[in-house]
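By convention in this document, chain letters (A, B, ...) are assigned in the order of the sequence lines, proteins followed by strands, and residues within each chain are numbered from 1.
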2 protein chains.
Amino acid sequence: MYDLSMRPFKHPPVSEFVLERLLYALSDPVRLEIVRRLATLGEASCGELDGGRPKSTMSHHFRILRDVGLVNTQTVGTTHMNSLRKDDVDSRFPGLLEAILSQPE
Amino acid sequence: MYDLSMRPFKHPPVSEFVLERLLYALSDPVRLEIVRRLATLGEASCGELDGGRPKSTMSHHFRILRDVGLVNTQTVGTTHMNSLRKDDVDSRFPGLLEAILSQPE
DNA sequence: CCCATAGTTCGAATATTATCGAACTTAAGT
DNA sequence: ACTTAAGTTCGATAATATTCGAACTATGGG
């Protein structure tokens, strides 16, 4: 859920989730793909999910996903492990994530 | 569904709906509110849904909602009647609209 | 025919965003 | 210590979006 091991990144508490911002975050093809992959993989490093895109570009997208509360990033050694904050998103927006991610393509 | 009476506006066929574009359209507070109101009212003119905003601003938002397939606009006399293309959206993205619009706020 | 109404379209100003190279940071490994 | 690996942050650029006034269009009424 939400504990201090998630530092040093700021992950917003569930109470600060905003529907419009979440929809915006998912409206970018690159970010939607990241979220889809995380949903199936469970977790992944940033590098595993770049499609040949530069690190700075990926870092930008991951930050947005973190800022809206979709993704949780924790430092494990030198890599950053990302996972979906599925339970948190579900608790704030029941059914939303499933409805979006179950859409084909 | 989709017949010629919808002219002169171009409404995309269901096959051209794109998930990301739909999410983007709904990520704007003004547009999400329009869609919410249409969902409860059934239909409404553009003027009924401006919140004191200029017509040109509203026209811009309605055009985006039409372009992504969310809204159907037909001319009735001098007013433009808008309604949600709920069945069309549902057929392409089952459960999506409901999942989004059922979220409070 | 003139006029008001309801929206659209155009154009411009402002603001946000996406992308990516370059420099920086932190943690391992040798 | 030095080096590599993995990301982040910064800065610039280019593309998109939002907002809104002004001019335009089309419809209906008197």
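Minimum interatomic distance between Asn72(A) and Arg85(A) (heavy atoms only, all atoms of both residues): CB-CG, 3.5 Å. When all heavy atoms of Ala25(A) and Val68(A) are compared, the closest pair comes out as CB-CG2, 3.8 Å. Of all heavy-atom pairs between Leu101(A) and Ala39(A), the closest is CD1-CB, 3.8 Å. Looking at every heavy atom in both residues, Arg53(B) comes nearest to Thr57(B) through CD-CG2, 4.3 Å.
Judged by closest nucleotide on DNA chain C, His61(A) is the one of His61(A) and Val76(A) placed further toward the 5' end.
Partners of Pro94(A) under the side chain to side chain contact (heavy atoms under 4.5 Å, CB included) rule, at least two apart in sequence or in another chain, are Gln103(B).
Residue Met58(A) contributes atom CE, which lies 11 Å from atom P of dC20(C) at whole-angstrom precision. Atom CZ of Phe9(B) is separated from atom C1' of dA6(C) by 10 Å (rounded to the nearest Å). Per the geometry, CG belonging to Leu65(B) stands 15 Å off P belonging to dG7(C), to the nearest Å. Rounded to a whole Å, the CD atom of Glu48(B) is 16 Å from the P atom of dT5(C). When the C1' atom of dG7(C) is taken as reference, atom NZ of Lys55(B) falls 6 Å away, rounded to whole Å. Protein atom NE2 of His80(B) is 16 Å distant from nucleotide atom P of dT5(C), rounded to whole Å.
For dT19(C), its base never sits under 3.5 Å from the side chain of Thr57(A) at any donor and acceptor pair.
Within 6.0 Å of CZ on Arg63(A) lie no more than 12 heavy atoms contributed by other residues, nucleotides or ligands.
Across all strands, Ser59(A) comes closer than 4.0 Å to base atoms (heavy-atom distances). Note on His60(A): a base of the nucleic acid sits closer than 4.0 angstrom, heavy atoms only. Using a 4.0 Å heavy-atom criterion, one finds that Thr79(B) contacts the sugar-phosphate atoms exclusively.
The side chain of Val30(A) approaches dT19(C) more closely than any other nucleotide in the set dG7(C), dT19(C), dA6(C).
Taking a heavy-atom distance under 4.0 Å as the criterion, the stretch of DNA chain D touched by chain A extends 5' to 3' from dA5(D) to dT9(D).
The cationic group of Arg66(A) lies under 6.0 Å from the six-membered ring centre of Phe9(A) and within 45° of the ring axis, placing it in a cation-pi geometry.
Residue Arg66(B) places at least one side-chain N or O closer than 4.0 Å to OP1 or OP2 of dT8(C). For dA18(C), neither phosphate oxygen OP1 nor OP2 lies less than 4.0 angstrom from any side-chain nitrogen or oxygen of Tyr24(B). The shortest distance between the side-chain N/O atoms of Arg53(A) and the OP1/OP2 oxygens of dA18(C) is not below 4.0 Å.
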